[in-house]
Structures are given as C-alpha cells and as structure tokens.
4 protein chains.
Amino acid sequence: MKKELITQSINLFVEKGFSATSIQDIVDAIGVTKGSFYYHFKSKEALLMHIHLSYIDDLLRRQKRILETEKTCRTKLMKVVEFLIEDIEAQGALGRIYYREIRHLSAENGAVIREKKNQFRDNIESIVADGIKNGEFRKNLQPKMTTYAILGMTNWSYQWFNPEGELSVSELAAIYTDFILNGILAEK
Amino acid sequence: MKKELITQSINLFVEKGFSATSIQDIVDAIGVTKGSFYYHFKSKEALLMHIHLSYIDDLLRRQKRILETEKTCRTKLMKVVEFLIEDIEAQGALGRIYYREIRHLSAENGAVIREKKNQFRDNIESIVADGIKNGEFRKNLQPKMTTYAILGMTNWSYQWFNPEGELSVSELAAIYTDFILNGILAEK
Amino acid sequence: MKKELITQSINLFVEKGFSATSIQDIVDAIGVTKGSFYYHFKSKEALLMHIHLSYIDDLLRRQKRILETEKTCRTKLMKVVEFLIEDIEAQGALGRIYYREIRHLSAENGAVIREKKNQFRDNIESIVADGIKNGEFRKNLQPKMTTYAILGMTNWSYQWFNPEGELSVSELAAIYTDFILNGILAEK
Amino acid sequence: MKKELITQSINLFVEKGFSATSIQDIVDAIGVTKGSFYYHFKSKEALLMHIHLSYIDDLLRRQKRILETEKTCRTKLMKVVEFLIEDIEAQGALGRIYYREIRHLSAENGAVIREKKNQFRDNIESIVADGIKNGEFRKNLQPKMTTYAILGMTNWSYQWFNPEGELSVSELAAIYTDFILNGILAEK
DNA sequence: AATGAATGAGATTTCATTCAT
DNA sequence: TATGAATGAAATCTCATTCAT
C-alpha cells in the first residue's frame, strides 16, 4: 500500500506537478483515505523526499557499476548515456519529477539530494577529463561544460521522448551517442 | 505597475514555482494589495499566459530575423544557439518559467503556446534537414532527434548556468557550438 | 467585526477551553466564514495573544493608577484587591482565560505575557513589603508568599463567583479584604 | 503498564493540557502503541476520569481521617490546609490537572466529580461554621466565602509553588496557616 | 496483552477571486 | 486605479478510535 501510494503519486506529480497534486488526489487514485496516507508518510514533502532519494540512489548505484566494469572512457561515457536514456522506458516519470520538483523539498532535504546529484555529475566529468588526458577525446574540450551539454541532452529527453513512438529507447540512445561523439559536421 | 507585477511574479515563479506562489506573495513583493492585481489581470493564469506569450513571440521574432539574414545552414544554426544561450543573461528567469510552468495554463492557452513552441522547433529542424541535404551536415543525422539534442543542451543550460560565474554567456555559446559541430572524439 | 470575533471567542474559550474551541465554532457564533477570521488574525494563537495582551495591559494600567493615587499601603492593597474582584463583573470571562490558557501561547508570546504578569505581582509584593517596613502590616510576614496568598484568593474567585448570585461583587470584595486584614481568629 | 500510562499522561496533561495531548503523545512517552492504550482504557476521557476519581477519593479519605482525629475547629482546619499544601510535593501535577481539566469530562462523569468536590468543600465550610459558633473564629465571618478564600489560596499554590525552591512545603504551610488565622494587619 | 494498519471526522490554514467604496 | 473586507472551496494535517492478527 505504501508502494501503491508512491506509484500513484509519481504519476500524478508528473501529470500535474507536486504543488498542484493534493493528498486527496493521491488517495482517491487508489481508493483509500487521507488518514492512511499520513500513517505511511509524515508529510507530503516526506513522500517527495522518499521518491527523490530512492531515485538518485538507484542512479548512483548503476553508475558505479558501469565505472567499475567498463575499460575505456569512451565506453564508460556511452554506457552511462545509454542507461540514462533507456531508463526513460522504465522510470521516465520518476526522472521528470526528479528534475522538476527539487525546489519543493525543505532546505535540508534539498541539500542532501543536490549533493548526490552533484556526485553523479562529477563522476561523468571525471570520465570526460580522463578521456581528454589519455587522448580518447579532443584536447580542447572543457570537461565541466561538456558534461553539462551531455546531461542536458539526455535529461531533456525525459520531457518529450515517447518510448511507444516511432523510435525505441535503444535507437534514441544510439543516435544520441553518435551525436555526442561525432557532432554534426560533415567530414572534410 | 503592470510591468512591476510581471517582473516580480517572474522572480517568484522562478524561485518557488507557479503553484506555490500566491497572489499575496506577488503583491507583497511590490507593496500593493490584491485588488490591484485583479485590476491588471483577469486571473493568475492570465498573468502566466501573458508571460508565456510575450516570451515565445519574442523568441520567434528573433529566430525569424536570423533565418532571413544568415546564408548557410551552419551559421543559421549557430546564430540560433548563440542567441538562446546569450539570452540567459537578459531573460534567464523567463526561460526557466517557460519550460516548467506550461502545465498550469488552461487547455486552450496551453495549446496556443505549444503550437508556437513547435513552430520554433520545426524551424530548427528545417535548418538541420536543409544542411544535411546540401552537404553541410553529416548524411546519417536524423533531423528531428538532432534538433531535440541541440535544444536539450541549450534549454538545460537555463537551469544551471550562472552568467556571473567564471564563464560569460558568449564563452559558453562558443563551447556549445563547437560541441555541436564536432562532437568529442579526437580526430583520427 | 474584529471586535465581535474577540468577544465571541472569549465566551467560547471560557466555556470549552482554547484547544477545544475550533475556528469553526467561533465564526459560526457570529455567522461569518473562516476566511474572514484569517483576514483579521494571522492564526488562532494570534487571537489568543491579542486577548492576553489587552487584558494584562489593562490590569497594569489600572494598578498603576491606584499606586499613584492612594496614600497608605493598606488602602493601596485594598483598592487593588477590590478592583480585581469587582472586575469579575465586567471581565470575569477574560480573567478565566488569562489564568488558564497561557500555555497555548508560543514560547515567545508566553514569555511576554509572563513578564507582564510578574510585574503585576511584583508591584503587589512591593506594597506588602513597604507596609511591613512602615508598621502597617505585621513584622513577621513574608512579602512574596503573602502576595501569592492574596492573589490566589482573588484569582480563584474568578472560577466560582457568580456576580448574579446572592452576593454582589462589592460585598465579596468587602469580605475578602476583611479576611486579608484580620484573618479568622477571634480576638483575645 | 496501566500505571505507567497514567503517570506519563499526568505529566503530559500538566505540560500541554488534556486537549492538546494526543494518545500518540502518551504512548510515545512510554514506547508502546496506541492499540495498547485502548486495551487498558476505553477512551481518552475514561483515563481522565480515572485520574480525577482516584485523586478526589484520596483527598476525601484523608480529610475524613483528620475530621475524626482532631478535636478543635482550629486544628481541624489547619491540618486540612497543611495536608493540601504538603501534597504539592507528592501529587502537585495531579492537583493541577484536577482543577483545570474537569471540563473535558462528559456531563455524567463531570457531575460525579463535582459532587465529590462539593462534599470536600462543604466539609471545610462546616469546620468554619462550627468554629464561629463555638467562638474559636470571629463572629462576623461568612463561612462559605471564607472557605472559598482558604481554598483559593491553597489551590492556587499548586500553580506556582516549586517544592524544590527556597521554601519547603511545610514552611509554606506554616506561613499560610498563620496568614489565615491572623491576617496581615499589625496588632493595635 | 499488544501491534500495525486503516478510517473518518474535523482541525487549522491558504488562497484565488469578488466587490463595494 | 487602488483598497480592504469578505467568501468559499480546498489544502495539509491531526487524532480518537477500531479491528484483525
């Protein structure tokens, strides 16, 4: 039941946004009473924090596995991009909340999540920096900005990509990794 | 005074989100009363629509000028990316609202804005498609997905880029256009 | 209307206690809506504070006037006791709230009220101490405890005395002042 | 465990008041669950009634013993005042609840307690009346009002007296009985 | 004897909106 | 143009109580 509350609230948060989703909306969606909600969560914000925490912890766990498994910076980076994009299928809704509703966490909770989020980004920045050093990537790249560019592309895809449309998540991942590696210019 | 209402509400919407910002918050910020607000705007949503409309109309106007002025697809695309990123300095707050609060427009208003937004994106897609056709860009690019990638990068920068930090908006624009054109791989 | 809210809430607080009186109870009593209540008072506690503050400030003002007007310690003390008891008629309800609901004020507000309350008591203690020094009162009295005894008697009367019963407030005041001055023992 | 529930609830009722203390507060204080509470008490009010009943029955029992043991009205009265004040040490918290939370009993339960409370007071009134008749006390006293004055003083002391402060309960009792017997005026 | 989950009623508070002045 | 008072709906949250286990 706690799980159902989480599932339904994720859907509603995606659809209407956190602020505009009421506890009533959530409990109506699964046919229980407000009292039940507050038995399982201390507050609406506590639910939001729960969602954020389990999502970012999951991302960090999977990122870590890739960093340990892959050998080259190129494959490390590509695998991370692939798993982020392919994740749209399984947890696209979660991702959209994650990037939009952080502001509604309390100061302390927000800090906790932001810290982990930065860690995730820093890990990617390290891949880029290492790749530049060892010659896999172009010398004149700025690791930090390049990381933001890559994350911008992937994160943004959560906002528009429909996994049931013409392209599959894997196909999108392939297109995006090609774009990242080679840019758009025709070769001379 | 209508202008002040708009300015302050933009700041508040950025900071707390549309739903979580009350009319009281807005009028408190400029020291008037709620009655005044309703003299100038029919409703809270009308204000949000006003903000959206003037922003997207401005973007379309400037995009159109670039399309008419520039000659090659490459320069057309670069100029659009540059103006979007450099705009962070002048209207970053506006941009952040634009991409986040559309959901709080009514069905009709939302449709109007989405229509214009699609137009903006379609114009970019056309540049990419034309560039592929005429050989400026790689043959195997997918225009639509490439456009999403480019817009994802630029839009996302509104979320994290601080124009008063180490890099200027122009420097960021340069880094991003280089990334888009050439990717990250070292040349063989 | 703000006045009516205060008047009715005092009655209800006396009857049911602060915690057990709902905002709904209060606004129902005068036929307005909850929204109105919150237009006039920031919170339920703000109303309680308002009540406390205006009551204790009134008491201090009247006490001060007596201290300035009367000459002997005996008349000073008697006048204070008289006005407290005779006040039952005009503000008995207020008095009962005052002594019972302080706990429901916030820490800061509670401190403000307690401070003023102590001042009121200290002023009486000074009368007793002065009276002992100048020979009006018995040498072996303890000013502080004697003050508590006197205030205990008078305050307690707010809990049981019915001004519409057999005795008038003035008669009760006479009986109490006699008791305070002479005790109960038959003279030897 | 029932005893622990009672002990802890008394503390909480003193601190926060009956209405503002939740069952959750009580069971949290001793580390059990709400279900347990309802095994031992039919309702929150049942607990309050239990507390009131055992307290007033105890007072009546001890008062009765004094009435049977002491010979003169003066010693009877003094012994009752002494035991009430000295009781602050052992059951001060209980006393404070008793005088404050009666209102939260149901009509019937409230009547039972009020009945016993009146009996306690009537017994004191009888001592005063007898003392007047037999010449121990002044002729011009009003037994009922005098009783209220005495009970007011003693009851009020539960609100402010700290048995761990400068004075012991016995010392306070001595001061109060002296005050009751002799008043404050210096002898002529 | 005790627990954990759930309920339903009701509490305080917020807020967009209206309207007479 | 602007204000101040009021409204009504809905939001978050609390809480005494029940009940199957």
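Reminder, nothing fancy here: chain letters follow the sequence lines and each chain counts from 1.
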Pairwise 5' ranking along DNA chain E for C:Y38 and D:T33, keeping only the more 5' one: D:T33

Let me know the distance between [atom1] of [X] and [atom2] of [N], rounded to the nearest Å.
| X | N | atom1 | atom2 | answer |
| --- | --- | --- | --- | --- |
| B:K44 | E:dA16 | NZ | P | 4 Å |
| A:L12 | F:dA11 | CG | P | 12 Å |
| A:Y39 | F:dT17 | OH | P | 18 Å |
| A:L48 | F:dT12 | CG | P | 12 Å |
| D:I30 | E:dA1 | CD1 | P | 14 Å |
| B:Q24 | E:dT13 | CD | P | 16 Å |
| D:I23 | F:dC19 | CD1 | C1' | 16 Å |
| D:K34 | F:dT17 | NZ | C1' | 8 Å |

Base-pairing assignment for E:dG4 (Watson-Crick or G-U wobble, both under 3.5 Å):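 Partner of E:dG4: F:dC19.
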
Watson-Crick or G-U wobble partner of F:dA10, both distances under 3.5 Å: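 Because both required distances fall under 3.5 Å, F:dA10 counts as paired with E:dT13.
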
Aromatic ring pairing D:H52/D:Y98, orientation class (parallel under 30°, perpendicular over 60°, tilted between):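 Rings of D:H52 and D:Y98: tilted, 30 to 60°.
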
Reported CG-to-OH distance for the pair D:N155 and D:Y99, which is rounded to 0.5 angstrom: 3.5 Å

Distance in Å, D:I30 CD1 paired with D:L5 CG, rounded so as to fall on 0.5 Å steps: 4.0 Å

Distance below 4.0 Å between B:S36 side-chain N/O and F:dT3 OP1 or OP2: yes

Touch class at under 4.0 angstrom, heavy-atom based, for D:S19 against every strand present: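 The answer is nothing, as D:S19 stays clear of every strand by at least 4.0 Å.
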
Sugar-phosphate only, base, or nothing, as touched by D:S22 at under 4.0 Å among non-hydrogen atoms: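 Contact class for D:S22: sugar-phosphate only.
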
Backbone of D:A29 reached by a side-chain donor or acceptor of D:Q8 within 3.5 Å: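 Side chain of D:Q8 to backbone of D:A29: no pair is present.
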
A:K116 (side chain) donor-acceptor with A:L53 (main chain) under 3.5 angstrom: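 Not confirmed, A:K116 side chain does not pair with A:L53 backbone.
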
Toward the 5' end of DNA chain F, by each residue's nearest nucleotide, B:G31 or A:D25: B:G31

Contact nearer the 5' end of DNA chain F, comparing D:E45 with B:H40: B:H40

